Amino acid sequence: MGEPENLAARYVVSDGTLDDPRAMAAYRAVPPAERARMHDRRADELAATGEPSWSLGAIPYHREHGSDPSGAGVEALWTALDHCMREGFLEAAADLGLRGLRLAHPGARRWWNLIQGTATALAGLGRRDEARELYERARRSSLDAEVHSASAYGTAMLDARHPDPARRDLGRAQGWINEAIAISGLLPDRPVRAFKLGFDLNGKALIEMRGGHADRALTLVEAAIKLAETDLPPERHLIHRMVLRANRAQLLGMLGDPAEALADLDTAIEIDPAYPDYYLDRGNLLFQMGRPDAALADYERAIRLSPPLPEGYYNRAQLLLATGDLDGARADLDHVLELDPEYLDAYINRAGLLVQLGLDEQARADVVAGLALAPGNPHLSCVLGQVEAAAGHLPEARAAFDVALTGAPTLVPAWANRAMLRYEAGDLQGAVSDLTQAIELQEDAALYFNRAIALRDLGRTAETVRDLRRAHELDPEDPDIDTALREAT
């Protein structure tokens, strides 16, 4: 169409972006049929270029305003929505889907595709009531059993996956997922039934897991895996099989069977070696199993394969902290917070790391930033106590440790650090009390050694020797413990 002088045509060629009120007025003055033909020509011209980006914005816009909005328009909008969902562009997907639903014929295949895709995008954006209304619209408009089953499943997940645990309604979710399973179990086509029923059983497993019943969840996932193995053609629904294996791995890990969990994650990764999430999961499992080198390799694969997301860098930082590479861990945590300035756990870990490096003021800055996101956070309060103590602000340090222990009574570093403050203030019995709390939570040579010193100063010789002997058992190479033990005995 070139660069026409006609203002209406120029508006269409600009793909609706021309910021000229005269052009908009001229465009609106064109008879509807001619206006639709202008959009058809522009859409054809863009499609002929073969440039994929046009199919995500301009082509859907022109097709929905062209001569076949309920056909070509809906198809173009669905194509764009499907791409955006696969790439995680939820805002764009929701917009495309809602536009498509204004044009699609209720009950048609693409209408249902749009319902499902749009509801999924809306749920991911936290617009859960709108997603629920779409599933309700599907139930009111369709007599298709698969639509009703999938709508029940989608509604169940809205209740089960609410990001705020206090607002999850697992009872209502159970009702909806049971309806989905009941319908899917009656579907006449065996492979369709196996896929749909397996999908629903996996959803019920999530609900059971969140209800604290990992054993029940495992039974459900294994039933879904059996259906896939027996009733689905080997080459069909590979992603479904991959997800089931990964979910079983998660449950086996929770139930204390890391070897079997690892085998399932290996299988999931073999199905799609380019999918990054399961490398992260396997890396976490390998790290827990005491195989840091293998875990590091998986974290690095996940980082290479995924978009620039913080999780891979955060997990690698955790491993590097545990293996003593403080500089590497700091670099990864820096990158996490560049990618997501509201990543609370990264502030917590970087603040603690900065204290270890003697960079107290930088640690304080991280504490302040983290507490702005989570006021009263126990871990950040503990780091704040360390920073205040290093600065000689002992009352402020004591107050920070008190806040930490009020929020997290099992936080060992807070007990240990408050004990040091109490010892330095001459409160020897208070120091012993805090160290005893810490030792009951986690045996550690340093904790026993510090309690022994406080007990020695209290003149409690037998208890001092007992603690020093236990400290020596836990760390026989520590020269301070060895010297103190010889002097005490």
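These values consider heavy atoms only, across backbone and side chains, with no hydrogens, waters or symmetry-generated copies. All of these numbers come straight from a predicted model, not from anything done at the bench.
Contact detail for Pro276 and Leu305: the closest heavy-atom pair is CB-CB, 4.0 Å. Residues Asn377 and Leu371 come closest through the heavy atom pair N-CD2, 3.7 Å. For Tyr343 against Leu337, the heavy-atom pair with the smallest separation is O-CD2, 3.7 Å. Closest non-hydrogen pair, Asp366 versus Leu380, comes out as O-CD2, 4.4 Å. Across Leu344 and Ala374, no two heavy atoms sit closer than the pair CD2-CB, 3.7 Å. Pairing each heavy atom of Pro69 with each of Ser67, the nearest pair is CD-C, 3.4 Å.
In this model, a donor atom of one side chain and an acceptor atom of the other lie less than 3.5 Å apart for Ser53 and Glu51. In the model, Tyr278 has no side-chain atom that pairs as donor or acceptor with a side-chain atom of Asp272 under 3.5 Å. For the residue pair Thr155 and Arg172, no side-chain donor N or O sits within less than 3.5 Å of a side-chain acceptor on the partner. Counting only N and O atoms by type, the side chains of His62 and Asp40 include no donor and acceptor under 3.5 Å apart. One side chain, Tyr299 or Asn284, offers a donor N or O that lies under 3.5 Å from an acceptor on the other. Counting only N and O atoms by type, the side chains of Asp281 and Gln250 include no donor and acceptor under 3.5 Å apart.
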Check: Taking it one step at a time, do Arg110 and Glu75 satisfy salt bridge (Lys or Arg N to Asp or Glu O under 4.0 Å)?
Finding: CA-CA 7 Å; Arg110 283 293 182 236; Glu75 194 64 31; 2.9 Å; yes
Note to self: As a quick check of understanding, evaluate salt bridge (Lys or Arg N to Asp or Glu O under 4.0 Å) for Asp159 and Arg132, giving each step before the final call.
What the structure shows: CA-CA 10 Å; Asp159 286 319; Arg132 192 182 300 274; 3.1 Å; yes
Next item on the list: Given salt bridge (Lys or Arg N to Asp or Glu O under 4.0 Å), test Asp95 with Arg99 step by step and report yes or no.
Entry: CA-CA 6 Å; Asp95 172 70; Arg99 285 157 54 191; 2.8 Å; yes
Next item on the list: I would like to know whether Lys196 and Glu146 meet salt bridge (Lys or Arg N to Asp or Glu O under 4.0 Å); could you show each step before the answer?
Entry: CA-CA 8 Å; Lys196 288 286 299 165; Glu146 290 185 45; 5.9 Å; no
Check: So Ile225 and Glu229, side-chain contact (heavy atoms from CB on, under 4.5 Å) or not? Walk me through it.
Finding: CA-CA 6 Å; Ile225 291 172; Glu229 290 174 345; 3.5 Å; yes
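In summary, Arg282 and Asp266 engage in a salt bridge, as defined by a charged side-chain N under 4.0 Å from a carboxylate O.
Inter-residue side-chain proximity for Leu265 and Arg245 is flagged as unmet; no heavy-atom pair is nearer than 4.5 Å. Residues Leu101 and Arg137 are in side-chain contact: their nearest non-hydrogen atoms beyond the backbone lie under 4.5 Å apart. Pro378 has its side chain out of reach of Val403: every pair of non-hydrogen atoms, C-beta onward, lies at least 4.5 Å apart. Side chains of Leu103 and Glu64 form a contact here, defined as non-hydrogen atoms less than 4.5 Å apart. In this structure, the side chains of Arg364 and Val383 stay at 4.5 Å or more apart for every pair of heavy atoms. Side-chain contact between Gln116 and Leu134 is absent, with no heavy atoms from C-beta onward closer than 4.5 Å.
Proximity of a side-chain donor or acceptor of Ser149 to a complementary backbone N or O of Ala180 within less than 3.5 Å is detected. No side-chain donor-acceptor contact under 3.5 Å links Arg63 to the backbone of Asp68. Side-chain N or O atoms of Thr49 include none that pairs as donor or acceptor with a backbone N or O of Glu45 at under 3.5 Å. Not one N or O on the side chain of Arg316 forms a donor-acceptor pair closer than 3.5 Å with the backbone of Glu300. Looking at Ser142, its side chain never comes within 3.5 Å of a backbone N or O of Ala138 through a donor-acceptor pair. Checking side-chain atoms of Arg193 against main-chain N and O of Leu187 turns up a donor-acceptor pair under 3.5 Å. Arg350 places no side-chain N or O within 3.5 Å of a backbone atom of Leu333 that could act as its donor or acceptor partner. The main-chain N or O of Trp78 is never found under 3.5 Å from a side-chain atom of Asp82 such that the two would form a donor-acceptor pair. Here the side chain of His162 pairs a donor or acceptor atom with the backbone of Asp164 at under 3.5 angstrom. A donor-acceptor contact shorter than 3.5 Å is absent between the side chain of His335 and the backbone of Pro310.
The number of heavy-atom neighbours closer than 6.0 Å to CZ of Arg139, taken from other residues, nucleotides and ligands shown, is above 12. A 6.0 Å sphere centred on CZ of Arg291 holds no more than 12 heavy atoms belonging to other residues, nucleotides or ligands. Atom CD of Glu342 has 12 or fewer neighbouring heavy atoms from other residues, nucleotides or ligands inside a 6.0 Å radius. In the displayed structure, Tyr27 atom OH is contacted under 6.0 Å by more than 12 heavy atoms of other residues, nucleotides or ligands. Summarising the local packing, CG of Asp189 is surrounded by more than 12 heavy atoms from other residues, nucleotides or ligands at distances under 6.0 Å. Counting heavy-atom neighbours within 6.0 Å of Arg140 CZ, excluding the residue itself, gives a total above 12. For Glu133, the CD atom sits in a packed shell: over 12 heavy atoms of surrounding residues, nucleotides or ligands are nearer than 6.0 Å.
With values rounded to the nearest 0.5 angstrom, Leu227 atom CG is found 10.5 Å from Asp200 atom CG.
Checked against a 6.0 Å centroid threshold, the rings of Phe89 and His83 do not count as neighbours.
The aromatic rings of His65 and Tyr61 sit tilted, their planes meeting at an angle between 30° and 60°.
For Asp325, the side-chain contact (heavy atoms from CB on, under 4.5 Å) partners two or more places apart in sequence, or in a different chain, are Leu320, Asp327.
Relative to the ring axis of Phe195, Arg236 does not place its NZ or CZ within 45° and under 6.0 Å from the centre.
Residue Leu238 is tested with Met242, Glu235, Arg241 for a side-chain contact (heavy atoms from CB on, under 4.5 Å); the sole match is Arg241.
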